[in-house]
Amino acid sequence: MRLAAVMTVALMLAACGTRGPVYPDPEPHEAQLVVQLHGEPREGVRRPTRRTVRDGYTTRLVTDEDGAAFERVDYNRIEDVVVMVWPLAIITTGVQASWTETLDIEFTDSGFSRMQYLGERTGHLRVHNRRTEDVTIFGHGAGDEFFEKLIPAGDSAVIDLPVVQAIPLDFGGTFELYCEEDENAGARLFVVGRDAQGWIGNSDEEAFFVHFITEWPVSVQVFAPRLPVWHGTAELERGARTTIQAHLSVNRLTED
Amino acid sequence: MVPQSKTRNRNEAGAHLTCGVGVRFNRRMLKRSAWLLLVPLCVAVVIALAPGRPAAHEPTLMWIRANTAESGDWKWSDAEKGHLSGTLEFSTRRPNQPVVVYLLRLADEGDEAGEQGVHDVPERLEVSQLGARFTPAFAVLVRGQTVEFLNDERNEISHNVYFLGDIEADLGIFDRGESREYTFEKYGEISVHCSIHKRMDGRMFIAPNPAYALVPGDEIDFRIRDIPAGRYRLLTWQRQKRFRDANMVVEIKAEETAEVTVEMTR
């Protein structure tokens, strides 16, 4: 009886844990889009070999893949995935209000705290230098836009992003971020263009977009660190929610 | 929950178990409190196994020139050759980053790229994967050159190599003692990764032909020898781009040295 009660509670907890997000019903004048992210492990990869080691009177399992260098890619939870959506036809109605918020970026002893960031095309960066020495942060835009800022140790500084020369019908642009004093530090900043919408999160989440007021098809690109870019299109409909699936994988690369 | 049974000494049926902190329980107590222990234990395991924020990628940066045009030990087949001598001029302070200056041979007419000509290919570059690290993690190659990725791990560890960028390919998964080769038939920039280990990253730049120079971070002068006479587009490539890349046309004449100033601006 007691066991049955415990199992019931456990099942209820499990059910709560796997419940998907709840989205608002679409308004009659708007279209919604959900991009479900699926990370696919590389086909043919075996689990790390384990062997039994006797340690005094006990035995334990050890693997040769020990240490941070051997940390494996978790395709169930790929971090810092950026999803960009923009219409495939010229429209004059901006689908997203201009952001005024400032994007905060942490710079620690390990470098940039994230591999990818998402900001607004005409926005600002506030970089927090958590190191005990001054650092110089560089940024290079795909259209040859540059910025550079010296940030004192333990201090913060605001950087006005140069305006990316966004191509019409494009999502906005990217900046590569570097540090003068740490050549191993690097990250990518995506900026959202006038007609685009962006989302950043992990692959175990869903990218939800709302307020599309167009019935044109939209282009969807998913940028996951270290993986090929996923491209797709979605047909949107007013008053309805469209769901598409994006597969994040290296399995479709040509094997030589 | 308070245990009902009194603690007995070890001589009584040997029913006592001693946990790591020296507290003694009998089997009955353990049985009763098992469910109470199970829940925090599961929580602790979940927390322990939860993936934390990974450290930023820390590839080993090693600038390597896998071949050298200056040595003259490998050349184009063309008969008439000239040289190029130049200086990089930076609009602000020179970052301590190497810059690759390279030439793209133009067609006889117009500004489009033409045939790059037949040239010797330098020896293959071997890239180690020991310790789940590409070594070298950065290299400048020439189109036609072969790279051999060695799985030289000391233990039974498999690796994979795939490229993203101007050339995209997957070399498969290979075990210790095996290797994979790839010959670059195109030029451009690629990032190199292992799909198994999340911190195994590298970068390569493949020049279109042997006419290139890798200018170290503390230098501004460069010289490229034995270039077939003709028209070229001079371009630059920076691993961490701090300046607008140069793009200018130069003409190489037989037995002459063309001199250029390459402006690196923002």
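Atoms considered below: every heavy atom in the structure, side chains included; atoms not considered: hydrogens, waters and symmetry mates. Note on naming: letters A, B, ... go to the chains in the order of the sequence lines (proteins, then strands), and numbering restarts at 1 for each one.
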Notebook entry, point to check: Should B:Phe163 and B:Tyr182 be marked as a ring pair (Phe, Tyr, Trp, His ring centres under 6.0 Å) after you check the CA-CA gap, both sets of side-chain angles, and the distance that decides it?
Noted result: CA-CA 11 Å; B:Phe163 312 137; B:Tyr182 189 86; 5.0 Å; yes
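- Both the backbone and the side chain of A:Pro228 come within less than 4.5 Å of a heavy atom in chain B.
- Residue A:Glu106 forms a side-chain hydrogen bond (donor to acceptor under 3.5 Å, both in side chains) with just one option from A:His128, A:Arg114, A:Arg130, and that option is A:Arg130.
- In this structure, chain B has a heavy atom under 4.5 Å from the side chain of A:Thr136, while its backbone stays farther away.
- In this structure, A:Phe70 and B:His159 have parallel ring planes: the angle between them is below the 30° cut-off, well short of the 60° mark.
- Between B:Trp237 and B:Phe138, the ring planes are parallel. Angles under 30° get that label, and only those over 60° would be called perpendicular.
- Listed by sequence position, A:Asp64, A:Glu65 are the residues of residues 60-67 of chain A in contact with chain B, using a 4.5 angstrom heavy-atom cutoff.
- Comparing B:His197, B:Glu153, B:Arg242 by how many heavy-atom pairs each has under 4.5 Å with chain A, the most go to B:Arg242.
- Note on A:Arg252 versus B:Glu168: no salt bridge recorded, every NZ/NE/NH1/NH2 to OD/OE distance being 4.0 Å or above.
- Heavy-atom distances place no part of B:Arg176 under 4.5 Å from chain A, backbone and side chain included.
- Proximity to chain A (any heavy atom under 4.5 Å) is restricted, for B:Leu164, to the side chain, taken from C-beta onward.
- No close placement of the B:Phe149 and B:Phe174 rings is indicated, their centers lying 6.0 Å or farther apart.
- Checked against the 6.0 Å centroid threshold, B:Tyr187 and B:Tyr102 do not count as a close aromatic pair.
- Taking the six-membered ring for Trp and thresholds of 30 and 60 degrees, A:Phe190 and A:Phe223 have ring planes inclined between 30 and 60 degrees apart.
- Residue A:Ala187 does not touch chain B at all, counting heavy-atom pairs closer than 4.5 Å.
- A side-chain contact (heavy atoms from CB on, under 4.5 Å) with B:Leu234 is found for exactly one of B:Val101, B:Val249, B:Asn247, B:Leu104, namely B:Val101.
- Among the candidates A:Glu148, A:Glu176, A:Glu43, the residue making the largest number of heavy-atom pairs closer than 4.5 Å to chain B is A:Glu148.
- Interface remark: B:Ser191 contributes no atoms to any contact with chain A (heavy atom separation under 4.5 Å).
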Next item on the list: With side-chain contact (heavy atoms from CB on, under 4.5 Å) as the test, would you mind laying out the steps for B:Val147 and B:Met204 before giving the verdict?
Entry: CA-CA 10 Å; B:Val147 177; B:Met204 290 180 181; 4.1 Å; yes
